[in-house]
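Just below is one structure, and these are the notes that go with it.
Lettering follows sequence order; numbering is per chain, from 1. A quick note: this is a predicted structure, and the numbers were derived from the prediction, not measured.
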Amino acid sequence: MENLLNNLNPSQRAAVEFCDGPSLVIAGAGSGKTRVLTYKIAYLLKQGLPPYYILALTFTNKAAREMKERIAEVAGEKAARQLWMGTFHSIFSRILRNEAELLGYNSNFTIFDSSDSKNLVKLIINDMDLDDKVYRPGPVHGQISKAKNNLITTTVYANNEEILEYDRLSKRPKIHEIYSRYQRRLKSSNSMDFDDLLMNTNILFRDNPKVLVDYQNRFQYILVDEYQDTNVSQHRIVSQLADVHQRVCVVGDDAQSIYSFRGANIDNILNFKSNYPNTKTFKLEQNYRSTQNIVSAANSLIKKNSEQIFKNVFSERHEGEKIEVISAFSDYEEGVIVANKIARMRLELHSTYKDFAILYRTNAQSRVFEESLRKANIPYRIYGGLSFYQRKEIKDVVSYFRLIVNPSDEIAFQRVINYPTRGIGNVTVNKITDAAQQHNVGLWEIISNLNKYELQINAGTKKRITGFQSLIADFIELSKEQSAFEVAKEVIKKTGIAQESFSDLSPEGMSRTQNIQELLNAMNEFVEMRLEQGEEDTQLVDFLSEAALLTDQDTDKESGDDKITLMTVHASKGLEFEHVFIVGMEEDLFPSSMAKSEIRGLEEERRLFYVALTRAKQTCVITFAKSRFKHGQTEPARQSQFLNDIDVKFIQTETTSLQSPREGATDGFWESMRRGAQSSRTSMKKEELSFTKKTAVSQTSSVNTLSKEANALQEGQTIEHERFGIGTVISIENNGNDRRAFVEFDTVGKKQLLLKFAKFTIVKDE
DNA sequence: TAACACTTGTTTTTT
DNA sequence: ACAAGTGTTA
């Protein structure tokens with residue numbers, strides 16, 4: 001441990017060693033924040049605190065996984081696995097499943113993603129006969145979500161004059177009623193949305209003091225990463241859990257708070273000290289990531305914001321190159337410039353592709369870069385956008401799973417009742433929904449007892465409905481015995497999805513088929529991995545509860561490939577790259593026109609830019625275009641005001657662009673440039689389909705990840721398995737990723753090990 | 001009820 | 001430019 005602590009600088013070390021009360025670690029960009037968290041956990045373990053007493057909350061699953069791996073290196077695999085470490089959403093969904101009955105839920109509850117939530121809001125708006133142009137599902141759900149993140153329950157909402165007045169002024173006085181109905185229908189669907197996972201945890205603790213005490217005792221030490229991005233609901237959970245022992249350490253950087261649109265409240269970090277009067281504050285100010293020039297440029301930018309905790313971030317690395325600002329004539333040219341520059345820099349600097357990242361404000365901007373990179377033969381990987389689980393064909397299949405696990409799930413029900421088409425149309429579905437509302441029961445209850453509820457439907461329709469009902473009922477039975485993978489195969493087969501999908505030979509259809517296949521593969525892996533780890537939870541419900549909180553960053557298995565990275569600035573938080581391109585640096589795009597109305601919004605955009613800048617280790621290039629293709633036409637654009645916020649002495653403006661317009665031919669040039677962009681866009685179409693297919697599939701496709709040991713393993717050898725102990729290899733089957741060993745263990749008997757996952761060492765050769 | 005053509009809104013960021 | 005929603009026809 002001593003030599004571990006020697007790896008830290010004095011302020012990092014001080015932050016790690018203080019464990020007796022509340023502490024706030026203000027960590028500048030690149031200052032070794034994750035390092036401090038990791039070492040601190042290792043330090044606590046070393047002090048004798050059992051791992052299952054530690055709660056560590058991260059912002060993404062990926063961050064949790066990486067931190068676990070690092071802790072495993074210093075404190076051992078076993079301890080790392082016993083830690084309560086994960087995102088707020090995943091940790092508390094686990095707790096809510098355990099305590100579901102206390103809240104009137106069943107532990108099989110479904111988790112709605114935002115599109116499910118919006119669908120439900122839309123159904124309610126229709127039921128209430130409200131004008132869906134005034135009450136648009138997106139913003140209405142946004143308003144509800146904001147309320148929930150601020151712990152404003154339906155009752156509080158309906159009695160809060162200020163909020164009601166706000167809704168009246170925005171011409172949507174009925175939101176409080178939509179909110180109540182929304183919550184009621186979530187509950188009758190035995191479902192929770194993302195915000196419920198946090199709000200219901202608060203309700204659980206509020207209404208069940210004994211349960212709260214249990215968890216207060218369990219979580220002896222609490223660590224929270226990215227505290228600047230927590231909302232009121234999350235803050236309240238943490239402060240209740242830490243209320244008694246006050247052993248809590250939060251880490252964050254107010255300058256990197258970029259999620260207020262999701263309810264994050266920067267005050268949580270700014271006011272932390274007043275919440276915990278005995279707080280000890282540590283500041284990590286040395287940036288180990290970036291050149292002095294980048295750090296100074298970022299400092300000069302963030303100084304323009306009014307609200308912040310004072311700190312002096314500095315770098316002792318070399319001065320480095322100035323930030324290069326390049327202007328392009330069009331978004332299309334911007335793409336070409338960036339692609340060419342990356343190709344050139346890679347050769348000149350002897351870099352690899354994975355040293356490069358292109359960061360943009362909106363996902364929509366990725367298109368142009370995909371195109372130019374493909375033309376330049378530069379391998380790339382896009383993060384974000386439509387994630388695997390949000391694809392239509394995947395949602396359809398997953399909806400069957402949801403319905404099987406939780407027949408009350410109304411949204412899943414509506415999604416699959418007529419998919420694949422089985423002659424149950426809108427008219428019939430409406431009759432079912434009406435009956436459900438009338439008798440105040442779920443849709444499943446209605447179709448399970450058609451006669452009882454006297455639906456006005458003809459015999460043919462009735463037969464089709466009962467057919468559907470027994471189809472699902474059979475799956476439910478099956479799922480009690482079989483693993484998620486086995487049930488999934490049956491679902492695909494028996495519902496006709498397989499048949500429908502395989503007979504569609506269009507490129508889109510084939511891509512859908514592949515994605516479904518990929519889902520099955522993922523489920524198979526899930527089951528095998530669980531079995532390998534000696535866990536019995538391999539059923540559909542277990543798969544769903546994990547999959548619902550997965551983002552596509554979490555399913556990334558190809559990070560080893562040499563590809564450049566394309567992602568939004570938001571998605572880049574916490575990452576670093578040698579060379580960063582920040583593109584589309586234009587007014588109304590970055591800062592976004594949406595955010596500019598309020599000062600706080602503009603400051604958040606500036607922090608977002610700060611985040612983008614501080615991702616770069618060596619070089620940072622900023623580009624903007626003078627015209628941009630949006631909403632179906634080319635519109636003029638001008639450079640972002642944020643470029644003026646960086647002190648000019650850290651910037652170098654590139655005037656010679658790739659191709660400058662010929663004199664006197666400006667108009668013609670522009671035209672051809674635009675046409676060039678257009679035609680290549682349209683000509684891309686066919687090619688693009690096969691391309692989307694590739695990316696979609698690649699998200700979960702696996703590579704051969706067998707370790708040396710796994711490849712070397714032979715019959716007759718003795719191994720020591722992490723869980724099962726000592727055993728002898730009886731036989732080996734298959735090869736590559738599917739390579740398996742049958743092993744006779746001394747204590748637990750015969751086991752099948754999937755070598756891709758198995759954790760063991762070879763003890764003795766025969 | 002389903003398939004097709006036509007119209008409309010939509011684009012900020014995401015657990 | 002695109003997806004989702006609306007309306008018309010078979």
Side-chain angles (χ1 to χ4, degrees), chain A residues 57-64 86-93 111-115 117-119 122 126 132-133 136-139 142 145 148-149 192-198 226 229-231 233-234 257-264 359-368 383-387 389-390 392 418-430 457-458 460-461 464 548-554 567-573 584 588-597 601 604-605 607-609 611-612 628-634 677-678 681-682 684-685 688:
Chain A
L57 298 164
T58 58
F59 196 69
T60 60
N61 293 304
K62 191 178 167 207
T87 62
F88 273 91
H89 292 87
S90 69
I91 295 284
F92 294 108
S93 70
I111 297 172
F112 277 17
D113 69 16
S114 20
S115 75
S117 300
K118 263 184 258 168
N119 283 337
K122 191 191 275 171
N126 286 337
D132 61 1
K133 293 197 175 59
R136 296 211 317 281
S145 169
K148 290 166 91 166
N149 283 324
M192 299 195 194
D193 67 9
F194 285 140
D195 308 319
D196 280 331
L197 296 176
L198 308 173
E226 309 282 13
D229 288 320
T230 54
N231 58 37
S233 190
Q234 291 167 318
S257 161
I258 54 174
Y259 278 97
S260 77
F261 71 91
R262 211 170 79 187
L359 307 182
Y360 34 77
R361 178 65 242 267
T362 66
N363 281 308
Q365 286 165 260
S366 69
R367 279 277 151 129
V368 190
Y383 292 79
L386 202 53
S387 89
Y389 286 98
Q390 286 170 337
K392 187 188 168 298
N418 200 29
Y419 170 81
T421 48
R422 50 171 71 86
I424 307 176
N426 266 332
V427 181
T428 313
V429 172
N430 282 338
I457 44 173
N458 63 42
T461 311
R464 288 191 284 266
L549 296 170
L550 239 43
T551 63
D552 64 333
Q553 302 220 18
D554 302 318
M567 57 169 61
T568 64
V569 181
H570 280 91
S572 76
K573 192 174 76 161
D588 292 332
L589 183 59
F590 200 173
S592 148
S593 52
M594 304 287 191
K596 277 168 65 178
S597 48
E604 174 148 319
E605 293 284 307
R607 289 194 295 269
L608 190 57
F609 186 28
V611 168
R628 183 167 293 275
F629 198 80
K630 58 177 151 182
H631 307 130
Q633 55 183 354
T634 307
Q678 288 239 0
R681 269 193 185 96
T682 38
M684 211 175 81
K685 279 235 165 107
E688 189 182 30

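One atom, CZ of A:Arg607, and another, C1' of B:dT13, lie 13 Å apart when rounded to the nearest Å. We find that NZ of A:Lys573 is positioned 12 Å from P of B:dT14, with the value rounded to whole Å. At whole-Å resolution of the value, NZ in A:Lys118 and P in B:dG9 are 17 Å apart. Between the C1' atom of C:dT6 and the CG atom of A:Asn126 lies a distance of 13 Å, rounded to the nearest Å. The separation between A:Tyr419 atom OH and B:dA2 atom C1' is 16 Å, rounded to whole Å. Straight-line distance from the NE2 atom of A:His89 to the P atom of B:dT14: 14 Å, rounded to whole Å. In this entry the distance linking CG of A:Asp196 with C1' of B:dT15 reads 13 Å, nearest Å. For the pair A:Leu197 CG and B:dT14 C1', the interatomic distance rounds to 14 Å; values are reported in whole Å.
Each of C:dA1, B:dT1, B:dT11 was ranked by its minimum atom distance to the side chain of A:Met594; first place goes to B:dT11. Across B:dT1, B:dT15, B:dT13, the shortest atom-to-atom separation from the side chain of A:Thr362 is found for B:dT13. Minimum atom distance to the side chain of A:Lys122 is reached by C:dG5, of the listed B:dT14, B:dT11, C:dG5. The side chain of A:Asn363 has B:dT14 as its nearest neighbour among B:dT12, B:dT14, B:dT1. Between C:dA4, B:dT12, B:dT14, one nucleotide has an atom nearer to the side chain of A:Tyr259 than all others, and that is B:dT14. With distances taken from any side-chain atom of A:Ala571 to the nucleotides B:dT14, B:dT13, B:dT15, the minimum falls on B:dT14. Checking B:dT14, B:dA2, B:dT1 against every side-chain atom of A:Thr568, the shortest atom distance belongs to B:dT14. Side chain of A:Thr87, nearest nucleotide from B:dT1, B:dT15, B:dT11: B:dT15. In this structure, of C:dA4, B:dT12, C:dC2, it is B:dT12 that holds the atom nearest to the side chain of A:Arg361.
Taking every heavy atom of both residues into account, A:Arg422 and A:Asn418 meet most closely at N-OD1, 2.8 Å. Nearest heavy-atom pair, A:Phe112 versus A:Ser117, reported as atom, atom and distance to 0.1 Å: CB-OG, 3.9 Å.
Tested against A:His570, the residues A:Tyr383, A:Phe609, A:Phe261, A:Phe59 include a single ring-ring contact (aromatic ring centres under 6.0 Å, His included) partner, A:Phe261. Here the options are A:Asp195, A:Asn231, A:Asp193, the test is side chain to side chain donor-acceptor pair (under 3.5 Å), and the partner is A:Ser145; only A:Asp195 passes.
Remark: A:Lys392 qualifies as a cation-pi partner of A:Tyr419 under the 6.0 Å distance and 45° angle criteria applied to the six-membered ring.
Between A:Ser114 and B:dT14 there is no side-chain N or O to OP1 or OP2 distance below 4.0 Å. For the OP1/OP2 pair of C:dA4 and a distance below 4.0 Å, the side-chain nitrogens and oxygens of A:Lys392 include no atom meeting the criterion. Between A:Asn418 and B:dA2 there is a side-chain polar atom (N or O) within less than 4.0 angstrom of OP1 or OP2.
Under 4.0 Å is where a charged nitrogen must lie from a carboxylate oxygen, and between A:Glu605 and A:Arg361 at least one such pair does.
Using a 4.0 Å heavy-atom cutoff across all strands shown, A:Ser90 reaches no nucleic acid atom at all. Nucleic acid contact for A:Val569: none, since no nucleic acid atom lies under 4.0 Å from a heavy atom of the residue. As judged by a 4.0 angstrom heavy-atom cut-off over every strand, A:Thr421 is placed among residues touching the sugar-phosphate backbone only.
The stacking criteria are not both satisfied for A:Phe261 over the base of B:dT14, which would need a centre-to-centre distance under 5.5 angstrom and an angle between ring planes under 30 degrees.
Nucleotide B:dT11: unpaired (no Watson-Crick or G-U wobble partner with both distances less than 3.5 Å).
Both A:Ile424 and A:His570 lie near DNA chain B, and the one whose nearest nucleotide falls closer to the 5' end is A:Ile424. The 5' end of DNA chain B is approached more closely, in terms of each residue's nearest nucleotide, by A:Thr461 than by the other of A:Phe88 and A:Thr461.
Proximity of A:Met567 to A:Leu359: side-chain heavy atoms (C-beta onward) are separated by under 4.5 Å at one or more points.
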